[in-house]
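What follows is a set of notes on a single structure, which appears directly below.
It should be emphasised that the depicted structure is a prediction, and the values quoted were computed from it without experimental measurement. Atoms within each ligand, like the ligands themselves, are counted from 1 in listed order.
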Amino acid sequence: MRVFLCLMVLVISLKLTAATEYYTLAYRNDPATTAVIGWSGDNGTVHYGPVDHATNFTAYPNTHPSDRTGGAHSITRHFARLSGLQPNTIYYFVIRDLNGDVSERLYFRTLSNDVDDPVSFISGGDTRDGFSLFGIYTENCPSGNCLDKRRDGNKLVAKIRPDFIAFTGDFVMNQITSNTQSEWSTWLNDWQMTITDDGRIFPVAFSRGNHEDMFDVHEMFDIPFDEFYALNIHGGLIRLYMLNSELNACSDMSQLNWLTNDFQMHTGTLNDPCWKFVSYHTPTLAIGKDGDLSADQMNCWIPLFEQHKVRLVMESDSHSTKWTYPSIRNNAGNDFIPAQNPHEGVVYIGEGQWGAPHRDIYYTGSNAKDFVQDAGTFDNFFFVRVTKDTTTIRCVKFENVNGVFNNIEDNLGGGLPSNIVLWNPQNGDQIILTKPIDVTGIEEMVTLKSQVFPTIISDECTVQFNEKVQSVDIEIYNSLGKLTTSTVVQNQESTIIKLNGLSAGVYYLIVKYENGSAESHTVVIE
Ligand SMILES: [Fe+2]
C-alpha cells in the first residue's frame, strides 16, 4: 500500500511538472499580424483560431508548434511565434503538451493596422522585491512586502484590459544573495494575475533593466536577440522604440546605428508615424535615487530624440514617479529645461514603481527641476491612450484594487475602469499632448535639396544636391552642438566631406543655402 501511495504521489507530481504553465504574450514583430506565445513546463503545440472552441483543441483551425525553446536561470521557456494573423482580431488558443494535456483556453486581440484606430497601453517597470537580510527588509516596502504591491499592479492590468503593455525592465533582484530561479518563477506566476477571469492575456513589449543579465529578457519572453527593437503600432499611429539602456548609448554602435537609421527612415518620409515614443530602463536624468545623469544618453540619444520629434519617453529604475513638461536638453548638455514651444519638447515619464522598494525624490525644494511637472513616491504605472491627434497620459495608483470595477469591453483604445485611483498632484491628473508630426512639414521635407550618403561613416560621406549649387556652407556639429568642421561648396552638384579626424558618435551635418534656408542631416561616425 505504501509503495502504491508513493507511486501515486510520484505520478501526480510528474503530472504537475509536465503541464504547461506561466503563459506570456510578447511582441517581437508587427503587433497587427504577429505575437509570440510563451510558456514553461512541457513542450507542445498551440491550437488557435478566431472562434472560441474552449479546450476542444481539435476544433481550432490552426496549429503552431513551438519555434524555439529558451530560458534562463534553470527555467525552461517555449515560444510559438504566430504570424499571418488578421489585424484587430481576437484569437483563442490552447496549448496541447506532449502528453496530450490541454491548457486552459486563453485569448488575445491583435492590434490594428489603421492609424484611425485609437490604442491604449500601460507603461511601467521595476517589479522586483526589496532586498532582505535574514527575512528582514533593508529597503523601504511600505506595504510590508513589495510583492503584494506588484500583484496589485498585475490585478489592475486585468481590470483595465489595455491593448498592450510596454514594460521598462527590472523584473527581479537577480543578485548573488538572491535565489534567482525562485524569483523568476514567482514573477512568472504573479504575471498570470494579469490574465482576466475570462482568459484574456495581454501582449507585452518587454525591455531590459540593470537587474537582468544580458539575454535574460530574450530568453524569458523571446524579444529580439539584441534586446532593442521598434514596433509599428496601428500601421503608423506610433513608432515605439524599445531601447536597451544596458548597452552604452554612445559606444555601442549596433544600437546607435540602428536607431539613427530607423529614425531617419521614419522622419520626413512617407513612413512617418503620427507619434514616436521611446521606452528604456535607466533614466537619462533620474529624479529619484541619487539624481544621476546618464551623460552618454544625454549626448547620444536625446539629440536624436529631439531632432526626430519623439514626444514621449518612458523610463524606470529609480523607484519614484515623475512626469515632466515637454522639455529639451540645455545647451551644456547636463540638464533638461522646459521647451519654449511645447510641440518641440519631449515629455519624460517614469521612473519604475510597479511594486519595487520606494525611494525618495532627489531634487526637491530649491533643487527642484523646472522641467519636472510633478514628482512623488508611490506604487503605480502609467496609462497612455493615443489617437492621431492626442496622447493622454495618466498615472494609476495601486490603491483600492479590489474596489476597481472590471472593464469588460475588448475594443481597442478603451479607457480606464470606474473607481480607479489616479495620481492627482498639484498640476492635475493627466498630461495631454497634441499636434503630432505636422503633415505639411512632411511634404516640405520630402523635397529636400540635398542628400547625404552614407549616413554611417567611417571616413567620408557625399553630399549630393538636386541641382548645381552656386554657394552653400556645410557645417558639422557634434552632439553637444559644437561646430567641428565647415566647408564652402561652389558651383557643384556634389561634394565629398572628409570626417576621419572626428571621434565616433552622432553628428549633425547642416547645409546652409544662400537664401538663408538650411537642411539638417544626422550622421553617425564609427
Ligand atoms: Fe534598475
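Here H281 meets the criterion, with an N, O or S atom under 2.8 Å of the Fe ion (ligand 1). Residue N210 counts as close to the Fe ion (ligand 1), with an N, O or S atom under 2.8 Å. Put simply, D317 gets within reach of the Fe ion (ligand 1), with an N, O or S atom under 2.8 Å from it.
Atom OD2 is the N/O/S atom of D170 found closest to the Fe ion (ligand 1).
Rounding to the nearest 0.5 angstrom, the gap separating the CG atom in D222 from the CZ atom in F79 is 5.0 Å.
Paired with R151 under the rule side chain to side chain donor-acceptor pair (under 3.5 Å), one option of T194, D190, N145 passes, and it is D190.
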Problem - Derivation and outcome, ring-ring contact (aromatic ring centres under 6.0 Å, His included), residues Y348 and F336 - result: CA-CA 10 Å; Y348 294 82; F336 290 106; 4.6 Å; yes
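Inspection of the H319 and D126 side chains reveals an N or O donor paired with an N or O acceptor under 3.5 Å.
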